[in-house]
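Note that ligands are numbered from 1 as they come in the structure, with each ligand's atoms numbered from 1 the same way.
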Amino acid sequence: MGKNIQIAIDGPAGAGKSTIAKIVAEQLGFTYIDTGAMYRAVTYKALKENIQLNDEKKLEEMLLKTKIDLKPSPNGQLVFLDGEDVTKKIRSNEVTANVPQVASLAKVREILVAKQKQLAKDGAVVMDGRDIGTHVLKEAELKIFMSASVEERAKRRLLDNKKRGIPSDYEQLKEEIALRDQQDMERKISPLVQAEDAIYLDTTHLSIEEVAEKILHLAKEKME
Ligand code: C5P
């Protein structure tokens, strides 16, 4: 057994981060932490409670009374919001379209980032998101910035949605992904940007296995 390192995987929507992060974590016996799921859970709850998504004060109050748990299961990671399994609900088009607005608020990020740091403090984690290498786990031993063309990412999302039983349209997905990238890259706090010490991986022409293999190889070097 090597060192219990931290692996940070960042990149735009639909680049395959969560699929890859899950495989890498499983192979290394590490914990996978999907930070996007946390921002999604907060957005889901705010929508349900009819809170204005730009009302930072109300969202902060809501968050301080909110419990988000990520639990591994044989069918992938489950997301619990105040004890309720919201794994599927947080993937709806409505939640997806509204997450960037909620994720742009300083207070929301402050609370969730503190939780993410706490979850990763003992190492042996693979964490994916937008600001993991740049803010959440600045000291991570391995940082990956993963991307792919917007067409390829829309294609992958389409397949993914089909598997999850979510109806969607390719052209619309492409537009939504491009818009979400723009919102995530242009926000003031912790925008989506590659960390200086991250390794860039263009996955457009790579299979899931090839990407996972590359990262596992890099991880094992760091664990020696
Ligand atoms: O990764 P996923 O697509 O589920 O993320 C949903 C949204 O959550 C992103 O578009 C982004 O607005 C936000 N997010 C973030 N920081 C993270 C992870 C996700 O701002 N670390």
Subject >> Residue, atom name and distance, where the atom is the protein heavy atom closest to atom 12 (O) of ligand 1 >> reply: Asp184 OD1, 2.7 Å

Original post:
Of all the non-hydrogen atoms in the protein, which one sits nearest to atom 1 (O) of ligand 1, and at what distance?
Top reply: Arg130 NH1, 3.0 Å

Original post:
Are side-chain N/O atoms of Arg153 and Thr204 paired as donor and acceptor at under 3.5 Å?
Top reply: no

Subject >> Protein heavy-atom partner closest to atom 8 (O) of ligand 1 - residue, atom, separation in Å >> reply: Val99 CG1, 3.3 Å

Original post:
Polar-atom distance check: Asp34 versus ligand 1, any N or O pair below 3.5 Å?
Top reply: no

**OP:** Answer yes or no: does atom CD of Glu94 have more than 12 heavy-atom neighbours from other residues, nucleotides or ligands under 6.0 Å?
**Re:** no

Original post:
Which protein non-hydrogen atom lies closest to atom 16 (N) of ligand 1, naming both residue and atom, and how far is it?
Top reply: Arg109 NH2, 3.0 Å

Original post:
Heavy-atom count around Glu175 CD within 6.0 Å, excluding the residue itself: above 12?
Top reply: no

**OP:** Specify the protein heavy atom at minimum distance from atom 13 (C) of ligand 1: its residue, its atom name, and the distance to 0.1 Å.
**Re:** Ala103 CB, 3.8 Å

Original post:
Using a heavy-atom cut-off of under 4.0 Å, does the side chain or the backbone of Arg180 touch ligand 1, or both, or neither?
Top reply: side chain

**OP:** Measure from the side-chain N and O atoms of Gln77 to the backbone N and O of Pro72, and report whether any donor-acceptor pair falls under 3.5 Å.
**Re:** no

Subject >> Polar contact flag, side-chain donor to acceptor under 3.5 angstrom, Thr203-Arg156 >> reply: yes

Original post:
Nearest protein heavy-atom contact for atom 4 (O) of ligand 1: which residue, which atom, what distance?
Top reply: Arg40 NE, 2.7 Å

Original post:
Got more than 12 heavy atoms from elsewhere within 6.0 Å of CD, Glu26?
Top reply: no

Original post:
Within the side chain of Lys115, is there an N or O that forms a donor-acceptor pair under 3.5 Å with the backbone of Ile68?
Top reply: yes

**OP:** Considering heavy atoms of the protein only, find what lies nearest to atom 18 (C) of ligand 1 and give residue, atom and distance to 0.1 Å.
**Re:** Thr35 OG1, 3.3 Å

Subject >> Region of Arg157 engaging ligand 1 - heavy atom pairs below 4.0 Å >> reply: neither

Subject >> Distance from atom 21 (N) of ligand 1 to nearest protein heavy atom, with residue and atom >> reply: Asp131 OD1, 2.8 Å

**OP:** Assess whether atom NZ of Lys22 is packed by more than 12 heavy atoms of other residues, nucleotides or ligands within 6.0 Å.
**Re:** yes

Original post:
Between Met38 and ligand 1, which part of the residue brings a heavy atom under 4.0 Å of the ligand: side chain, backbone, both or neither?
Top reply: neither

Original post:
Between NZ of Lys17 and OG1 of Thr35, what distance do you get to the nearest 0.5 Å?
Top reply: 8.5 Å

Original post:
So is Gln183 close enough to ligand 1, meaning a heavy atom under 4.0 angstrom away?
Top reply: no

